[in-house]
Amino acid sequence: VSVKMTTRQVGDVTVIDAVGRITLGDGASTFRDTIRNLAAGGHKKLLLNLAEVSYIDSSGIGEMVSGFTTITNQGGVVKLLSLNKRVKDLLQITKLYTVFEVFDDEAAAVGSFA
Amino acid sequence: VDTRTEEHTYDSTLESVDAAEAVVLKEAQDLGFHEDDQHKIGISIRECMVNAVVHGNRYNSRKKVHLKVTCRPGTLEVLVADEGEHFDISQLPDPLADENLLRHSGRGILLMQAFMDEFQIRPRQPKGTEVRLVKRVAKAG
């Protein structure tokens, strides 16, 4: 059981739709590779849609933070979309709510990059 | 006394993390934990097993991870022990300090402490570290 990540462009924003579990092993490495490839491709406005992510462990959180750092170090921005309650709880426990900008509505999220 | 205990010994692999999670979640379900609490228990067991396999035993095939699950009415107790070097929890960086928020790792113990009712860590004899996790079934209302 792992995560599947697909990307689509909405204007100049790259939306990453993640489905599954982001945990130590395949899930975390798939997540890491996707973000690295986007960074290498010069994508600077990333919106990570976590609506279909059921489970994130501390390794998955670590990859989210590393991805955030990679993109911001290149002058880009990463924002989060549609967190379920469990993922919201994780971000609150780890205080990462203070790091990531989080949206419930995709149009509002995309518009916020302008 | 309605107490049930089971013990398992695992290799130091990531497959063992899944196996231990499955064992504990089956017991949590049987004890009547709510779905959200089962999720918290599952994450905690995964974090604990990952610590034992990765940081404790360092994937050493000669070292094992020991799981002991005790079920009492309304209470789940889990002991996870590795055979690695003991470490001092007070030496770990605070994952909630501003300067550590963007660190890649170091949040596993924080999650276990947040999700379980009791969390204890102690040296295991003759070698290693043992973590004790306890979760009680929430009373209705």
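All values below were derived from every heavy atom in this structure, side-chain atoms included, with hydrogens, water molecules and symmetry-related copies excluded.
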Open item on the list: Take a 6.0 Å sphere around CZ of A/R36 and say whether it holds more than 12 heavy atoms from other residues, nucleotides or ligands.
Closed with: no
Task: Pairwise distance CE(B/M112) to OG(A/S58) - rounded to 0.5 angstrom - done: 8.0 Å
Open item on the list: A quick test of your reading: do over 12 heavy atoms of other residues, nucleotides or ligands sit less than 6.0 Å from CZ of A/R8?
Closed with: yes
Task: Shared hydrophobic cluster for B/L79 and B/M49 (ILVMFWY, side-chain gaps under 4.5 Å) - done: no
Open item on the list: Quick check: do B/L101 and A/V65 have side-chain heavy atoms less than 4.5 Å from each other?
Closed with: no
Open item on the list: Using heavy-atom distances under 4.5 Å, tell me whether A/L96 contacts chain B through its side chain, its backbone, both, or neither.
Closed with: side chain
TODO: Verify the neighbour count for atom CD of A/E52: are there more than 12 heavy atoms of other residues, nucleotides or ligands below 6.0 Å?
DONE: no
- [ ] Please indicate whether B/E35 has more than 12 foreign heavy atoms, meaning atoms of other residues, nucleotides or ligands, lying under 6.0 Å from its CD.
- [x] no
Open item on the list: Tell me if a side-chain donor or acceptor on A/Y55 pairs with a main-chain N or O of B/H39 at a distance below 3.5 Å.
Closed with: no
- [ ] Under 4.5 Å heavy-atom distance to chain A, tell me which part of B/L96 shows up: side chain, backbone, both or neither.
- [x] both
Open item on the list: Would you compute the distance between atom CG of B/L110 and atom CD1 of A/I61 and round it to the nearest 0.5 angstrom?
Closed with: 8.5 Å
Open item on the list: I'd like to know if B/I41 and B/I109 are part of one continuous hydrophobic network [Ile/Leu/Val/Met/Phe/Trp/Tyr, side-chain heavy atoms within less than 4.5 Å].
Closed with: yes
Task: A/S54 versus chain B, the contacting section by heavy-atom distance below 4.5 Å - done: backbone
Open item on the list: Can you tell me which portion of B/D36 sits under 4.5 Å from chain A's heavy atoms? Options are side chain, backbone, both or neither.
Closed with: both
- [ ] Tell me whether A/I71 is reachable from A/V77 by hopping between hydrophobic residues (I, L, V, M, F, W, Y) whose side-chain heavy atoms are closer than 4.5 Å.
- [x] no
Open item on the list: Taking side chain as everything from C-beta outward and backbone as N, CA, C, O, which of these in B/V17 sits under 4.5 Å from a heavy atom of chain A? Side chain, backbone, both or neither.
Closed with: neither
Task: Pairwise distance NZ(A/K95) to CG(B/N100) - rounded to 0.5 angstrom - done: 10.0 Å
TODO: Considering non-hydrogen atoms only, spot the tightest contact between A/G62 and B/R107 and give its length.
DONE: CA-NH1, 4.0 Å
Open item on the list: For the interface with chain A, which of B/D98, B/D18, B/V54, B/L14 has the highest count of heavy-atom pairs at distances below 4.5 Å?
Closed with: B/L14
- [ ] Please check if A/I93 and A/Y97 belong to a single hydrophobic cluster, counting links between Ile, Leu, Val, Met, Phe, Trp and Tyr side chain heavy atoms closer than 4.5 Å.
- [x] yes
